[in-house]
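Some notes on the structure that comes next.
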Amino acid sequence: MIGVNSVQGTSKVRMRASGSVKYGREESVRRQQQQHRSKSLKVSNSTEFPAGQQKKDKALYNSIKNEKLEWAIDGDELKKSLSELADNKTENAKGISKIGSGSNPFLDIAHDPNAAVYKTGFLARKIHADMDGKKTPRGKRGWKTFYAVLKGMILYLQKDEYKPEKALSEDDLKNAISVHHALAIRAEDYEKKPNVLKLKTADWRVFLFQAQSPEEMETWIRTVNSVAAMFSAPSFPAAIGSQKKFSRPLLPATTTRMSQEEQLKSHEAKLKHISTELAEHRSYPPDKKVKAKEIDEYRLKEHYLDFEEKRYETYVKLLKEGVKELLAGKDADAALKKSQSSPSLNQESQPAGAKVKRNTSERKDYRPETPKVT
């Protein structure tokens, strides 16, 4: 009996001791909280933080929360690009409308009815890739014949032959393609039709166009690239974020205000910068152990830099040869007359060689494959 009572007594003592310890901990936490509150009240009532500061902080927080922040752009480049945009708006305010969704004012196409016409003629068009290089769905990839009019920096695709006095329809505006910062090349990987050129736009859409002859195809390529090289405004810097995600720079659709010499210097500086960045990028390939997403980002940036290098090389070459004289000279007039007198394309006609096996390049995504890492 004595042993049992002693055991019960010691257990009660332990319970009381543990309860007192728990109570002591809670009490210490309460005291710390009270001290923290008193310190914060002293700080808020001190002269270093006046009473009006809290209202200002709250107003600043609400403005950041409720209003969208402006793009973070380098000051000099922002000033140059926005000044060009403002000049265009003031000078061409009359008779100019925007073609686009209106979600981004820098990407909407400015339709100017008074713009110069550089080339016209019949072209068959095929949409090869949608925005950002995503493969166009199979049902939307068919060939359609249009009467193409390169007017200003816009390639209008009309159902009827071009007439200056005739107003553009909604379908004409819907099919319009802006050639700012675009690049036209021969579609050497497409073998189903002859005389096909590939046009890649600023938003990475890809179109295939079939001309009536090799000479006509070369004339279209040269004219489109000349217009893009002469009139494309300087690009904005790419967005910067905390994540290691590649973002392409924003390419404004406005017309540049620079002269041909200034435009050439701008393109040469851009070409030098991109060539250096591409060489630097290729010198640090991703490790084999990295995630597939990181390899994807590496591949996407390499493809972008490679394309931009080719684009600016073409622009610099054309500007050195004298684009302004070409667009305003007899060569352009001769090409214009030749294209206007050309007959329409026959949609049902097939190239020499009768049946051709389906091109495998059409089935895969236009975006490049993941490179092999070493």
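Reckoned from all heavy atoms, side chains included, excluding hydrogens, waters and symmetry mates. Numbers for residues simply follow the sequence, beginning at 1.
Between Lys140 and Asp130 no salt bridge is recorded (no basic side-chain N to carboxylate O distance below 4.0 Å). No salt bridge links Asp203 with Arg248; every basic N to acidic carboxylate O contact stays at or beyond 4.0 Å.
The minimum heavy-atom distance linking Ala184 with Val224 is given by the pair CB-CG1, 4.2 Å. Shortest non-hydrogen contact noted between Ala228 and Ala182 is CB-O, 3.8 Å. Taking each heavy atom of Arg141 and Ile127 in turn, the nearest pair found is CG-O, 3.5 Å. Pairing each heavy atom of Tyr298 with each of Tyr284, the nearest pair is CE1-O, 3.5 Å. Of all the heavy atoms in Val227 and Tyr118, the pair that sits closest is CG2-CD1, 3.7 Å. Minimum heavy-atom separation, His181 to Ala233: NE2-O, 2.7 Å.
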_Trace of the side chain to side chain donor-acceptor pair (under 3.5 Å) decision for Asn225 with Thr314_ = CA-CA 8 Å; Asn225 290 336; Thr314 303; 5.4 Å; no

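Heavy atoms from other residues, nucleotides or ligands lying under 6.0 Å from NZ of Lys270 number more than 12.
A heavy-atom distance below 4.5 Å is not found between the side chains of Ser235 and Leu250. No side-chain heavy atom of His128 sits under 4.5 Å from any side-chain heavy atom of Phe207. With a 4.5 Å cut-off on side-chain heavy atoms, Gln210 and Leu123 do not count as touching.
Using cut-offs of 30° and 60° on the angle between ring planes, the pair Tyr147 and Phe122 is perpendicular.
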